[in-house]
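Worksheet: one structure, shown below.
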Amino acid sequence: MNFAFSEEQEQLRGFVRSFLEEKSAEAAVREQMDTEQGYDNAVWSQMGEQMGLQGLIVPEEYGGQGYGYVELTVVLEEMGRALLCAPYFSTVVLAANALIHSGDEAAKQAHLPGIASGETVATVAFTEENGKWDESGITATADADGKITGTKSFVLDGHTADLLIVAARSAEGVSLYTVDANAEGVTRTALSTMDQTRKQAKIEFAGAPGTLVGTAGQGWDVMNTVLDLAAVGLAAEQVGGAQACLDMAVEYAKVRVQFGRPIGSFQAIKHKCADMLLEVESAKSAAYYAGWCASEMNDELPSVASLAKAYCSDAYFHSAAENIQIHGGIGFTWEHPAHLYFKRAKSSELLFGDPTYHRELLAQRIGI
């Protein structure tokens, strides 16, 4: 079995990296993270119309490219490397996957073409103010007519999304509903976040009209799959960010001179860089294997997803912290990009459950 990327996949990586180096340079990231919307509409349109990135994993019959999760892993790694400010994760990794795995043909036909073209920004609203990432945290309700009442918190890009996929408790159990984000009974509030490169929102539903997706009472079965796929996607993003931190640290160690010699010649700095390299390469192995499992949708996915999320979270956060340490005082300043990666590393560490949560989940899934 060959786990190396194919020539086509490497070409995809180069294509995406070139685009992001132009459109998601540090200056662009800083500009967009300071806006309320959080991304550039022109760049988002180019991603859809010219590059087809929003439709990457959407089946061809719904207007997408029909690629697998390995290709998505490549794209997400590059986006994490560039700290892309865009609702890509919420729209593609969360919402598109929820629709694809819902088994609801009408919902797929209604919403996937818009997502694939980049016209529709979508997200999944499932977490609530209790901060739980599992089924027990769902307290929002939906009546027999699909009217939803309750509050969702920490919704990625919820303040700008056109389409919301909402997890709510119906008479049959947890079900999923599509909701027009601009419908009556929907109130959206942008949240203040530590990581300004990834926007979140609180969404209040007061009898908002929803349309059932899939089978009533089986929404959490779909969400389990979506969250495993999201954990894999986030692990790939974290690998890209960790590699960027390693590259930044090594480059600085080569050019920063103290006591008449580059700081990279000191043993302590060498050890820090070597430890970072080991963690980043190990994280890549975990994320890439998880991406293959997701592409195959095999039985290993649940356990490998939690393993990858836990390890890559630790690797990214440690690399981001060590990058600041190697830079010294300047690494703590607002003007230096190191703090942007540190904040993204911390927010990603907590998103969808921290490493402790996923190690416990992994233990349960393998029967320990």
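Here the options are Gln364, Arg365, Glu360, the test is side-chain hydrogen bond (donor to acceptor under 3.5 Å, both in side chains), and the partner is Ser306; only Arg365 passes. Just one residue in the list Val155, Leu227, Val166, Ile165 forms a side chain to side chain contact (heavy atoms under 4.5 Å, CB included) with Phe126, and that residue is Leu227. None of Val124, Val93, Thr91, Leu351 except one satisfies the side chain to side chain contact (heavy atoms under 4.5 Å, CB included) rule with Leu156; the exception is Leu351.
For Asp299, the CG atom is loosely surrounded, since the number of other residues' heavy atoms within 6.0 Å does not exceed 12. Annotation for Ile330: atom CD1 does not count as buried by contact number, only 12 or fewer foreign heavy atoms lying within 6.0 Å.
A donor and an acceptor atom, one from each side chain of Tyr67 and Glu8, are located under 3.5 Å apart. Remark: the Ser313 side chain and the Lys309 side chain contain an N/O donor-acceptor pair separated by less than 3.5 Å. Side-chain contact check for Thr193 and Asp195: no donor-acceptor pair (N or O, by modelled atom type) lies under 3.5 Å. Side-chain N/O atoms of Thr35 and Gln37 include no donor and acceptor closer than 3.5 Å. A donor-acceptor pair shorter than 3.5 Å cannot be found between the side chains of Arg198 and Ser347. Using modelled atom types, one finds no donor on one side chain facing an acceptor on the other under 3.5 Å when comparing Gln65 with Glu60.
Residues Val222 and Val174 share a single hydrophobic cluster, defined by chaining ILVMFWY side chains whose heavy atoms lie under 4.5 Å apart. Clustering ILVMFWY residues whenever any of their side-chain heavy atoms sit less than 4.5 angstrom apart, transitively, puts Leu164 in a cluster other than the one holding Trp220. Side-chain heavy atoms closer than 4.5 Å link hydrophobic residues (I, L, V, M, F, W, Y) into clusters, and following such links, even through other members, never connects Val239 to Leu301. Taken together through direct or relayed side-chain contacts under 4.5 Å among Ile, Leu, Val, Met, Phe, Trp and Tyr, Val74 and Leu72 form parts of separate hydrophobic clusters. The cluster map of Ile, Leu, Val, Met, Phe, Trp and Tyr, joined by side-chain heavy atoms under 4.5 Å apart, puts Met47 and Val92 in the same cluster.
Asp180 places a side-chain N or O within 3.5 Å of a backbone atom of Asn182 that can act as its donor or acceptor partner. Side chain of Glu77 to backbone of Ala236: no donor-acceptor contact under 3.5 angstrom is found. Asp228 contributes no side-chain N or O that, together with a main-chain N or O of Ala305, makes up a donor-acceptor pair within less than 3.5 Å. Here the side chain of Tyr311 pairs no donor or acceptor atom with the backbone of Ala287 at under 3.5 angstrom. Between the side chain of Asp157 and the main chain of Thr160, no donor-acceptor pair closer than 3.5 Å is present. In this structure a side-chain-to-backbone donor-acceptor pair under 3.5 Å is missing from Tyr289 to Ala308. The backbone N or O of Leu99 sits less than 3.5 Å from a side-chain atom of Ser102, completing a donor-acceptor pair. Formation of a donor-acceptor pair under 3.5 Å by the Arg188 side chain with backbone atoms of Lys202 is not found in this model. A distance-only check finds no donor-acceptor pair linking the side chain of Trp44 to the backbone of Ala86 [under 3.5 Å]. No side-chain donor-acceptor contact under 3.5 Å links His318 to the backbone of Glu279.
Residue Leu94 comes nearest to Ala230 through the heavy atom pair CD2-CB, 3.8 Å, listed as atom of the first residue, atom of the second, then distance. When all heavy atoms of Ala167 and Ile138 are compared, the closest pair comes out as O-CG2, 3.7 Å. Nearest heavy atoms, Ile263 versus Ile326: CD1-O, 3.8 Å. The two residues Ala253 and Ile269 make their nearest non-hydrogen contact at CB-CG2, 4.0 Å. Annotation for Tyr341 and Gly241: closest pair CD2-O, 4.0 Å, computed over non-hydrogen atoms. Nearest approach of Leu307 to Ala286, heavy atoms of both residues: CD2-CB, 4.2 Å.
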Requested in this report: Determine, step by step, whether Val186 and Glu204 satisfy the side-chain contact (heavy atoms from CB on, under 4.5 Å) criterion, reporting the C-alpha distance in whole Å, the side-chain angles of both residues, the deciding distance to 0.1 Å, and the verdict.
Outcome: CA-CA 6 Å; Val186 178; Glu204 298 169 277; over 6 Å; no
Report task. Could you check Met33 against Leu340 for side-chain contact (heavy atoms from CB on, under 4.5 Å), going step by step and ending with a plain yes or no? Result -> CA-CA 10 Å; Met33 72 186 222; Leu340 300 178; 3.6 Å; yes
Query - side-chain contact (heavy atoms from CB on, under 4.5 Å) between Val75 and Glu71, worked out - result: CA-CA 6 Å; Val75 170; Glu71 287 77 16; 5.8 Å; no
Query - Check against side-chain contact (heavy atoms from CB on, under 4.5 Å), Phe205 and Val179 - result: CA-CA 10 Å; Phe205 300 93; Val179 177; 4.3 Å; yes
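Look at Lys270 and Asp275 and you find no salt bridge, because none of the NZ, NE, NH1 or NH2 atoms lies under 4.0 Å from a carboxylate O. Comment: Glu128 does not engage Lys132 in a salt bridge, judged by the lack of any side-chain N to carboxylate O separation of less than 4.0 angstrom. Of the charged side-chain nitrogens involved, at least one lies within less than 4.0 Å of a carboxylate oxygen, so that Arg344 and Glu237 count as a salt-bridged pair. Ionic pairing of Arg359 and Asp354 is not present here: no N-O contact between side-chain nitrogen and carboxylate oxygen is shorter than 4.0 angstrom.
Applying the 4.5 Å side-chain rule to ILVMFWY residues, one finds Phe154 in the same cluster as Leu191.
Using the six-membered ring where Trp is involved, Phe266 and Phe259 have ring planes that are perpendicular, over 60° apart on the 30 and 60° scheme.
Two rings, from Phe317 and Phe342, have their centers less than 6.0 Å apart. The distance between the ring centers of Phe5 and Tyr288 falls below 6.0 angstrom.
Rounded to the nearest 0.5 angstrom, Ser319 OG and Gln238 CD are separated by 10.5 Å. Rounding to the nearest 0.5 Å gives a distance of 7.0 Å between CG of Leu212 and CG of Asp104. Taking CZ from Phe352 and CG from Leu361, the interatomic distance works out to 14.0 Å, rounded to the nearest 0.5 Å. One finds the CG atom of Leu53 at 7.0 Å from the CZ atom of Phe19 (value rounded to the nearest 0.5 Å).
For the side-chain hydrogen bond (donor to acceptor under 3.5 Å, both in side chains) condition, the pairs that include at least one residue of residues 247-264, sequence neighbours left out, are Gln243-Asp247, Tyr252-Arg256, Arg261-Ser265.
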